[in-house]
Amino acid sequence: MSSGNATILASRLIDSKILDLFSTFNLLVVSELISIFGIAANVLNIRAFFKLGFQESVDITLTALSVSDLGALITIQLANVMVNPSCLVADIPFVPIDFLTLVLFYPHSYFIKVSGFIASFERCLSVMLPLKVKTILTWRTSLVVSMSVFMITVFNLLSPYYFSYLGWT
């Protein structure tokens, strides 16, 4: 069952005001608190890795994952504010869903893909060459791979912006 069908079914079973209140509470209280906790944890992780220095390859990889997760959390936190029912019916000079797609969902997808690529690279290397991982993954290799993933994946992010247009009404 798709999300749209679930919303239609829920709106038939539950009063729309109660559904809006429940959605607003989940989006603006529960999800925001979880996001704020995640943002604070990632900021603390990044600070801790900077204080430790980057002598170990795992420090660089975990810092890159924290930066990527921080970006994903910030974009999803802003999306939660824009998706709440009161914002969707507000008289604003743009369509909230179009704005969300171009300004928040594409960057969120970018950060999630970066996290996945970095984690997958290390996992793949650990499975394929378990005894040589420490010699292959030096701090320079980790830095080059992490930066390359961030830079190469940005091309996937930029292509929708080349073809999409956000118009103001």
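It should be emphasised that the depicted structure is a prediction, and the values quoted were computed from it without experimental measurement. Side chains included, hydrogens not; waters and symmetry mates left out as well; all remaining heavy atoms used.
- Interatomic distance, Ile76 CD1 to Ser31 OG, rounded to the nearest 0.5 Å: 8.5 Å.
- The two residues Leu28 and Glu32 come nearest to each other via the heavy atoms O-CG, 3.3 Å.
- Within the model, atoms CG of Leu73 and NE2 of His108 stand 8.0 Å from one another, a figure rounded to the nearest 0.5 Å.
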Ile39 vs Leu70, side-chain contact (heavy atoms from CB on, under 4.5 Å): CA-CA, chis, key distance, verdict: CA-CA 6 Å; Ile39 288 169; Leu70 181 65; 3.7 Å; yes
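- Put simply, the side chain of Tyr106 never gets that close to the backbone of Asn156: no donor and acceptor are under 3.5 Å apart.
- For the pair Leu137/Phe121, a side-chain contact is recorded, criterion being any heavy-atom separation below 4.5 Å from C-beta on.
- You'll find the side chain of Phe150 reaches within 4.5 Å of the side chain of Ile118, heavy atoms only.
- Atom OG1 of Thr75 sits about 6.5 Å away from atom CZ of Phe111, to the nearest 0.5 Å.
- Closest of all the heavy-atom pairs between Asp59 and Gly53 is OD2-O, 3.4 Å.
- Distance check, rounded to the nearest 0.5 Å: OG1 of Thr63 to CG of Leu143 gives 10.0 Å.
- Placement of Phe22 and Val30 in two distinct hydrophobic clusters is found when ILVMFWY residues are connected by side-chain heavy-atom separations under 4.5 Å, directly or transitively.
- For the pair Leu65/Ser115, a side-chain contact is recorded, criterion being any heavy-atom separation below 4.5 Å from C-beta on.
- Residues Ala72 and Ile112 approach most closely at CB-CD1, 3.8 Å, considering heavy atoms.
- In this structure, Gln77 and Ile36 have side chains that are in contact, with non-hydrogen atoms separated by less than 4.5 Å.
- Taking all atoms of both residues into account, the shortest heavy-atom contact from Leu100 to Ala79 is CD2-CA, 3.7 Å.
- Within the model, atoms CD of Glu122 and OG of Ser146 stand 7.5 Å from one another, a figure rounded to the nearest 0.5 Å.
- Going from atom CD1 of Ile152 over to atom CG of Leu157 covers 14.5 Å, rounded to the nearest 0.5 Å.
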If you apply the rule side-chain contact (heavy atoms from CB on, under 4.5 Å), what do you find for Ser57 with Thr138, and how did you get there? CA-CA 5 Å; Ser57 65; Thr138 63; 5.9 Å; no
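- Phe155 and Val144 fall into different hydrophobic clusters, where Ile, Leu, Val, Met, Phe, Trp and Tyr are joined by side-chain heavy atoms under 4.5 Å apart, directly or via other members.
- Cluster membership for Val29 and Leu78, using ILVMFWY side-chain heavy atoms within less than 4.5 angstrom, is not shared.
- Although no hydrogens or angles enter the test, the distance criterion places a donor-acceptor pair under 3.5 Å between the side chain of Thr141 and the main chain of Ile136.
- Phe105 CZ: more than 12 foreign heavy atoms inside a 6.0 Å radius.
- The hydrophobic clustering, which links ILVMFWY residues whose side-chain heavy atoms are closer than 4.5 Å, places Val133 and Phe54 together.
- Val145 and Val154 fall within a single hydrophobic cluster, where Ile, Leu, Val, Met, Phe, Trp and Tyr side chains are chained together by heavy-atom contacts under 4.5 Å.
- Formation of a donor-acceptor pair under 3.5 Å by the Thr135 side chain with backbone atoms of Lys132 is found in this model.
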